[in-house]
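Below is one structure; the comments refer to it alone.
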Amino acid sequence: MPASPSQPPALEAAIPAGDGTAAVAVRIRRLTKHFGSGDQRVQALAGIDLDILAGEMTLIVGPSGCGKTTLLSVVAGILDADEGEVSIFGSDITRMGDRAKTRFRSAKIGFVFQQYNLLPALTSAENAAIPLVIAGWSKAPAVKKAADVLASIGMGKRINSLPSQLSGGQMQRVAIARALVHEPELLVCDEPTAALDHETGLTVMELLRESAVKPDRAVVIVTHDNRVFQFGDRIAHMDDGRVVEIETRDRGAA
Ligand SMILES: Nc1ncnc2c1ncn2[C@@H]1O[C@H](COP(=O)(O)OP(=O)(O)OP(=O)(O)O)[C@@H](O)[C@H]1O
């Protein structure tokens with residue numbers, strides 16, 4: 001169980017040592033972030049130290065308001081931290097200017113959200129092709145590659161469907177294809193199963209493990225859903241803006 005927030009563990013306890021073989025994909029040190037000021041001031045991140053390893057799925061869990069989404073947003077370069085370091089495969093995004101960060105984010109990071117955020121007038125393949133078009137690909141090869149990714153995740157018969165013709169689980173598959181199409185080094189997911197029924201949520205987590213966990217890529221998932229904890233290699237428990245415990249799952253024995 002997570003430690004009590006009144007008894008924060010020693011810094012070393014919050015940093016997984018790993019077995020020395022896995023590369024650190026995301027190195028987070030002394031990360032702080034607050035919102036508001038005066039009476040309204042909220043310390044959302046109170047000094048996060050965490051290593052996220054390549055080749056693993058790391059889950060970030062904890063009670064509502066503990067800072068999970070804030071942490072994910074800073075790691076994804078969507079939100080600026082107050083202080084601290086976030087190095088993604090060696091590049092410290094907290095030191096980048098806005099334009100460099102936007103470029104870095106488009107090239108290196110894929111996103112999956114609770115709401116699928118698909119464009120309603122575009123087909124599955126066109127939606128999934130968006131990161132490639134943003135990266136400068138012309139439409140035909142981008143849609144072709146997106147269709148191949150969709151086919152690889154069981155959506156081959158749905159490449160020409162509009163979002164309104166898809167179930168929630170199918171829309172989330174399209175969102176996963178869109179997140180993976182440009183082969184990002186880091187995949188971040190915010191509550192990817194929250195809008196899905198239990199069975200579909202498990203299928204989406206299995207799909208994320210199969211398609212996204214690779215030796216040279218890291219996957220980070222914020223979730224409330226304790227039914228999907230079994231899919232994580234590492235579970236970082238947060239409370240009150242801190243990482244209070246890291247659980248390691250031996251998936252080889254699972
Ligand atoms: N834009 C904002 N303005 C003001 N306060 C904010 C903002 N975003 C988050 N907070 C506050 O920061 C704290 C951490 O919020 P955050 O959304 O990161 O928590 P969470 O663990 O993701 O919560 P949940 O599980 O409910 O989504 C909370 O107290 C929240 O009210």
Side-chain angles (χ1 to χ4, degrees), residues 1-9 13-16 26-52 57-86 88 93-94 98 101-102 105 109-117 168 171-172 175-176 179 186-198 200-202 204-205 208 218-232 234-247:
M1 289 297 290
S4 152
S6 59
Q7 295 172 310
I15 304 173
V26 185
R27 176 186 149 94
I28 303 168
R29 292 291 181 276
R30 301 175 304 282
L31 195 68
T32 60
K33 173 72 183 172
H34 79 279
F35 294 103
S37 59
D39 288 353
Q40 305 298 314
R41 183 183 163 94
V42 175
Q43 190 73 37
L45 302 179
I48 300 277
D49 291 284
L50 180 65
D51 283 347
I52 292 167
M57 177 179 278
T58 298
L59 306 187
I60 297 176
V61 308
S64 183
C66 71
K68 303 182 296 293
T69 295
T70 304
L71 176 60
L72 199 70
S73 303
V74 173
V75 166
I78 297 168
L79 194 65
D80 287 332
D82 295 343
E83 290 180 331
E85 173 192 343
V86 177
I88 300 176
I93 59 166
T94 62
D98 285 347
K101 198 152 56 173
T102 302
R105 198 169 55 220
I109 304 179
F111 297 90
V112 176
F113 300 101
Q114 173 179 340
Q115 298 306 333
Y116 323 112
N117 299 332
M171 285 193 275
Q172 195 60 303
I176 290 168
L186 176 64
L187 181 69
V188 299
C189 311
D190 196 357
E191 303 280 5
T193 61
L196 304 173
D197 63 61
H198 180 47
T200 311
L202 295 182
V204 161
M205 290 298 290
L208 281 169
V219 181
V220 189
I221 300 180
V222 161
T223 184
H224 265 112
D225 185 355
N226 57 13
R227 297 169 305 185
V228 308
F229 284 12
Q230 56 179 301
F231 291 95
R234 243 165 249 269
I235 305 182
H237 292 265
M238 286 184 68
D239 203 351
D240 226 5
R242 295 174 196 277
V243 174
V244 293
E245 187 194 357
I246 290 169
E247 241 181 282

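One-based numbering, in listed order, for ligands and for the atoms of each.
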### Query
Does an N or O anywhere in Gly65 fall below 3.5 Å from an N or O of ligand 1?
yes

### Message
On a heavy-atom basis, which atom in Glu85 and which in Thr94 lie closest, and how many Å separate them?
### Response
CA-OG1, 4.1 Å

#### Entry: Residue Lys68 vicinity, atoms of ligand 1 by number, heavy atom under 4.0 Å
18 (O), 19 (O), 20 (P), 21 (O), 22 (O), 23 (O), 24 (P), 25 (O)

### Message
In this structure, does ligand 1 have an atom that sits under 4.0 Å from one of the heavy atoms of Gly62?
### Response
no

### Query
If you take all heavy atoms of Pro192 and Val222, which pair is closest and at what distance?
CD-O, 3.8 Å

### Task
For Pro63, counting its heavy atoms only, list the atoms of ligand 1 lying under 4.0 Å from any of them.
21 (O)

### Task
Would you confirm whether any non-hydrogen atom of the protein falls under 4.0 Å from atom 25 (O) of ligand 1?
yes

### Query
Nearest protein heavy atom to atom 19 (O) of ligand 1, by residue and atom, and its distance?
Gly67 N, 3.2 Å

### Message
Please classify the Val42 to ligand 1 contact at 4.0 Å (heavy-atom distances, strictly less than): side chain, backbone, both or neither.
### Response
side chain

### Summary
Among non-hydrogen protein atoms, atom 27 (O) of ligand 1 lies closest to Thr69 OG1, 4.0 Å

### Check ion pair Asp225-Arg227 (N to O, under 4.0 angstrom)
yes

### Task
Look up atom CG in Leu59 and atom CD in Glu247, then write down how far apart they are to the nearest 0.5 Å.
9.5 Å

### Message
Quick check for you: to the nearest 0.5 Å, what is the distance between Leu196 atom CG and Gln114 atom CD?
### Response
9.0 Å

### Query
Which atoms from ligand 1 have a heavy atom of His224 less than 4.0 Å away?
24 (P), 25 (O)

### Task
Distance to 0.1 Å, residue and atom name: give those for the protein heavy atom nearest to atom 2 (C) of ligand 1.
Phe35 CD2, 3.5 Å

### Task
For atom 12 (O) of ligand 1, state which one of Ser64, Gly36, Ala44 supplies the nearest heavy atom.
Ala44

#### Entry: Any protein heavy atom < 4.0 Å from atom 7 (C) of ligand 1
yes

### Query
If you measure from the Lys or Arg side-chain nitrogens to the Asp or Glu carboxylate oxygens, is any gap between Arg30 and Asp82 under 4.0 Å?
no

### Task
Kindly say whether Ala46 contributes a backbone atom to a donor-acceptor pair with the side chain of Arg242 at under 3.5 angstrom?
yes

### Test item: Lys101 side-chain N/O and Ile78 main-chain N/O as donor-acceptor pair under 3.5 Å
no

### Message
Could you check whether any side-chain N or O of Glu245 sits under 3.5 Å from a backbone N or O of Met238, counting only pairs where one atom can act as donor and the other as acceptor?
### Response
no

## Note on the structure
For Thr70, the atoms of ligand 1 under 4.0 Å from one of its heavy atoms are 14 (C), 15 (O), 16 (P), 18 (O)

